[in-house]
Trainee: 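Below is one structure. I have some questions about it.
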Amino acid sequence: MVSSNGRTWIRWIGFRAGIAGIALLFSVTVGLLLFAAPAAFAAGGSCPTGANYVNPANPTEPLVTLASFGITSCFYASKSAGADTNAGTTEAAPWAHIPGMASCTGTCASTTPGPGEGFILKGGDHWVASDMPVVFVGTNGTSGSPIYIGVDLTWSTGSSWARPIFDCQSTQCGSRAQTQLNTAYTTIDYIESTGLRFITETQKGVEVTNANDVAERMYFHGWSHDPSWGGAQDDGRGFTMGANGGTVTTFRFNVADGSDTSKDMMGGADDSDNVYDNVFEYVYNGVRGHHNDVHGNLIAHLIIDLGGDHANGISVFGPSAGFTTLYIYNNVITDDSLAAGSEILWAMSNGNYTGDNSYIYNNVLYNVGRGIDVGDHPSNSGGTFWIYNNTITPNGLSYCFGNGETPPRNTLNYANNHCIDTSTTCLSTGVTCNNLGGNLVQTFAQANSNLSAHFDQYTKSETFVYSPLASTNSTVGAGNNLTSSCSGNVAALCSDTTYPIYDAVNHVVVMRTVKPRPANGAWDIGAYEYSSAQGSAPSAPTGLAAVVH
């Protein structure tokens, strides 16, 4: 029996005739010792017991404990107080690092992560360039026993809790990513990622490479590039988060804020099946690549990267491999003033997807130069699009949504959209437009005329831009009832937009309280459903004992 990294298996030992008795005795003795010896490293210790963790089964529901989703054995790391020679099984005797860190040694380096294990980083501790990158390998987690890399909200260096920090200190920090997850069913949670620098190539903050990996509640900022690095070296793959071969991967509740950077590099999320409830600011791509479900994201202040290519708020090439339906909803995209010519929301933008379906609803696009574009360049088809209950102000562009390249090769069905400052709802040059009714087109002057009988006051100065303020407003009760469409990933259509907002103090995303649309009777036009008590944003948290997502 052989013991290695806490896992034990039997190895049969053969003998040849004529071996001296002493040799036989030696072999038997060694075998017995191996059989009796404990595993090279004991299992982890007890895990944090607080209900402070995203529930994988219901991510937007109340937070839960680690044990509730299968994390039952935990290891601890503190850069300020730990040592890799410690057992690492308690907060009192933590390692200095976690497995996969470049500077992990001793017991830390000899421990292979496996199912049901958590790796808890002390809040406020600061891992630097010599500790990076983190190349996390081990035995795959499972749906019932995943692997967790994250935090205990009661364990921190200061008087109040703060995220642990991974800091490349303006170095290249690895060849692909600051943190690379190579085990399946692995979640990285609530870490501050900073100091990435492009010197010879682009990189990612977190790269997931296996099935069912998750990045959640991360805070990315402070990236930079070398003065010699420029457009010729930009391969368009620099993102705070990206998937490389992983399937059913998810990026949720993260913040990527480039306001403290040179504002000429880095994207948000690339090639993950599910991207939802994130904030992406001062990036050249908010969400780009192959995705299935993109919702609840705030994408603001688009920039042009050094490569000079146009920016994208959301550009979904097509569904992930094996899927045929795309869902884009409840997103807010705003401000392309630093990125003239940006694509704002472009669905099925790279490839031929004849026969596929896209559902695009409850999005708010404002202070931007385009609306919604559907389908790739000729002769590729994007399939069939269903565009419902969006509020769009494309700043004078002639159309609210459509495709401007002949011949018509996509089908676009649309209803209940509020289009402001545009002359045409659907551009039919490259699509067959089917108007299902309930759409409203207004100029800015009409939208804010405040005249009888509607007294419209739709403006961008509202807390929720271009939302109705009174029951008489033109969008209220003027739309079609689409309740029959509310199922599966379109169930959220039966409520109005979640309108994500950035809490820039705690670096989390908060959501507006949604209003249900009526099961019977007329719906409102646009992304909002009016009520006398309009949806409101949660108050920004004053501490981090609880998480708003």
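Keep in mind that the numbers below use all heavy atoms, side chains included, and drop hydrogens, waters and symmetry copies.
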Trainee: Please step through side-chain hydrogen bond (donor to acceptor under 3.5 Å, both in side chains) for the pair Ser103 and His97, ending with a clear verdict.
Mentor: CA-CA 7 Å; Ser103 50; His97 307 91; 2.9 Å; yes

Trainee: Below 3.5 Å, can you tabulate the donor-acceptor pairs from side chains in residues 293-303 to any protein atom, sequence neighbours excluded?
Mentor:
residue	atom	partner	partner atom	Å
Asp293	OD1	His295	ND1	2.5
Asp293	OD2	Asn489	ND2	2.8
His295	ND1	Tyr329	OH	3.1
Asn297	OD1	Asp277	N	3.4
Asn297	OD1	Asn278	N	3.0
Asn297	OD1	Asn278	ND2	3.0
Asn297	ND2	Val275	O	3.1
Asn297	ND2	His295	O	3.2
Asn297	ND2	Asn331	OD1	3.0
His301	ND1	Asp335	OD2	2.6

Trainee: Could you tell me whether the side chain of Asp257 and the main chain of Ser259 form a donor-acceptor pair under 3.5 Å?
Mentor: yes

Trainee: Look up atom CG in Leu181 and atom OG1 in Thr249, then write down how far apart they are to the nearest 0.5 Å.
Mentor: 10.5 Å

Trainee: Apply side-chain hydrogen bond (donor to acceptor under 3.5 Å, both in side chains) to residues Ser73 and Glu117 and explain how you reach the verdict.
Mentor: CA-CA 5 Å; Ser73 175; Glu117 293 180 345; 4.7 Å; no

Trainee: For the side chain of Asn274 and the backbone of Thr250, is there at least one donor-acceptor N/O pair under 3.5 Å apart?
Mentor: no

Trainee: Give the C-alpha distance, both sets of side-chain angles, the deciding distance and a yes or no for side-chain contact (heavy atoms from CB on, under 4.5 Å) between Phe401 and Val374.
Mentor: CA-CA 8 Å; Phe401 36 75; Val374 299; 5.6 Å; no

Trainee: Here's a test for you: under side chain to side chain donor-acceptor pair (under 3.5 Å), which of Asn390, Asn389, Thr497 qualifies with Asn363?
Mentor: Asn390

Trainee: For a 4.5 angstrom cut-off between non-hydrogen side-chain atoms, does Asn254 reach Met241?
Mentor: yes

Trainee: If you apply the rule salt bridge (Lys or Arg N to Asp or Glu O under 4.0 Å), what do you find for Asp152 with Lys122, and how did you get there?
Mentor: CA-CA 7 Å; Asp152 172 4; Lys122 189 172 186 179; over 6 Å; no

Trainee: Are Ser110 and Thr107 linked by a side-chain donor-acceptor pair shorter than 3.5 Å?
Mentor: no

Trainee: Take Val206 and Phe220 through the test side-chain contact (heavy atoms from CB on, under 4.5 Å) and record every step on the way to the result.
Mentor: CA-CA 10 Å; Val206 171; Phe220 302 91; 4.0 Å; yes

Trainee: Please determine, by modelled atom types, if Ser315 and Ser349 share a side-chain donor-acceptor pair under 3.5 angstrom.
Mentor: yes

Trainee: Under the side-chain hydrogen bond (donor to acceptor under 3.5 Å, both in side chains) criterion, do His507 and Glu192 qualify, and how do the steps go?
Mentor: CA-CA 10 Å; His507 306 294; Glu192 179 178 341; over 6 Å; no

Trainee: Between Thr183 (side chain) and Thr186 (backbone), is there a donor-acceptor pair under 3.5 Å?
Mentor: no

Trainee: Evaluate side-chain hydrogen bond (donor to acceptor under 3.5 Å, both in side chains) for Asn352 paired with Ser381, printing each intermediate quantity in order.
Mentor: CA-CA 5 Å; Asn352 192 32; Ser381 168; 4.8 Å; no

Trainee: Parallel, tilted or perpendicular: which describes the rings of His225 and Trp229, with under 30° parallel and over 60° perpendicular?
Mentor: tilted

Trainee: Mind checking whether Val287 and Phe251 have side chains closer than 4.5 Å, heavy atoms only?
Mentor: no

Trainee: I'd like to know whether Asn140 forms a side-chain contact (heavy atoms from CB on, under 4.5 Å) with Asn210, so could you lay out the CA-CA distance, the side-chain angles of the two residues, the decisive distance to 0.1 Å, and finally the verdict.
Mentor: CA-CA 9 Å; Asn140 288 334; Asn210 215 317; 3.4 Å; yes

Trainee: Establish, from distance only, whether the side-chain atoms of Asn182 and Thr209 form a donor-acceptor pair under 3.5 Å.
Mentor: yes

Trainee: What are the two closest heavy atoms between Phe253 and Thr60, and how far apart are they?
Mentor: CZ-CG2, 4.3 Å

Trainee: Keeping to residues at least two apart or across chains, list the disulfide (SG to SG under 2.5 Å) pairs with something in residues 61-90.
Mentor: Cys47-Cys74

Trainee: Could I get the full list of side chain to side chain contact (heavy atoms under 4.5 Å, CB included) partners for Asp356, not counting sequence neighbours?
Mentor: Pro319, Thr324, Met348, Tyr353

Trainee: Using the side-chain contact (heavy atoms from CB on, under 4.5 Å) rule, take Ile360 and Trp386 through it: C-alpha gap first, then chi angles, then the decisive distance, then the call.
Mentor: CA-CA 6 Å; Ile360 305 171; Trp386 309 83; over 6 Å; no

Trainee: Which pair of non-hydrogen atoms, one from His291 and one from Asp271, has the smallest distance, and what is that distance?
Mentor: CE1-N, 3.2 Å

Trainee: Determine, using ring centers only, whether Trp95 and Phe75 are less than 6.0 Å apart.
Mentor: yes

Trainee: Salt bridge (Lys or Arg N to Asp or Glu O under 4.0 Å) for Arg217 and Asp189? Distances and angles first, verdict last.
Mentor: CA-CA 6 Å; Arg217 303 192 295 186; Asp189 177 32; 2.7 Å; yes

Trainee: Applying salt bridge (Lys or Arg N to Asp or Glu O under 4.0 Å), run through Lys79 and Asp131 and close with a yes or a no.
Mentor: CA-CA 10 Å; Lys79 184 64 185 293; Asp131 303 316; 2.7 Å; yes

Trainee: Any side-chain donor paired with an acceptor under 3.5 Å for Ser320 and His290?
Mentor: no

Trainee: Closest approach of Gly195 and Cys168, non-hydrogen atoms and distance?
Mentor: O-CB, 3.1 Å

Trainee: Do you know which of Ile344, Ile328, Leu365 makes side-chain contact (heavy atoms from CB on, under 4.5 Å) with Ile372?
Mentor: Leu365

Trainee: Is the shortest side-chain heavy-atom distance between Ser170 and Trp223 below 4.5 Å?
Mentor: no

Trainee: Are side-chain heavy atoms of Gln172 and Glu201 found at a separation under 4.5 Å?
Mentor: yes

Trainee: Could you check if a side-chain atom of Phe166 sits within less than 4.5 angstrom of a side-chain atom of Thr179, using non-hydrogen atoms only?
Mentor: yes

Trainee: Taking the six-membered ring for Trp, are the ring centroids of Phe317 and Trp346 within less than 6.0 Å of each other?
Mentor: no

Trainee: If you measure from CZ on Arg163 to CG on Asn506, what distance do you get to the nearest 0.5 Å?
Mentor: 8.0 Å

Trainee: Side chains of Gln178 and Ser193: donor-acceptor distance under 3.5 Å anywhere?
Mentor: yes

Trainee: Step through it carefully: locate the ring centre of Tyr359, locate the ring centre of Phe385, and say whether they are under 6.0 Å apart.
Mentor: no

Trainee: Can you give me the closest heavy-atom contact between Gly138 and Thr112, atom names plus distance?
Mentor: CA-CG2, 3.7 Å

Trainee: State, yes or no, whether a side-chain contact exists between Met511 and Ile501 at a heavy-atom distance under 4.5 Å.
Mentor: no

Trainee: Is there a donor in the side chain of Tyr276 and an acceptor in the side chain of Arg252, or the other way round, less than 3.5 Å apart?
Mentor: yes

Trainee: Tell me, please, whether Phe239 has Lys204 positioned over its six-membered ring: NZ or CZ under 6.0 Å from the ring centre and within 45 degrees of its axis?
Mentor: no

Trainee: Side-chain contact test, heavy atoms from C-beta onward, threshold under 4.5 Å: evaluate it for Glu343 versus Ile314 and give yes or no.
Mentor: no

Trainee: Could you tell me which non-hydrogen atom of Ile98 sits nearest to which non-hydrogen atom of Ala77, and how far apart they are?
Mentor: CG2-CB, 3.7 Å

Trainee: Quick check: does any side chain N or O of Asp376 sit under 3.5 Å from a backbone N or O of Gly351, one acting as donor and the other as acceptor?
Mentor: yes

Trainee: Quick one: does Phe136's side chain get under 4.5 Å of Ile147's, heavy atoms only?
Mentor: yes

Trainee: Looking at every heavy atom in both Pro133 and Ala177, which two are closest together, and how far apart are they?
Mentor: CB-O, 3.4 Å

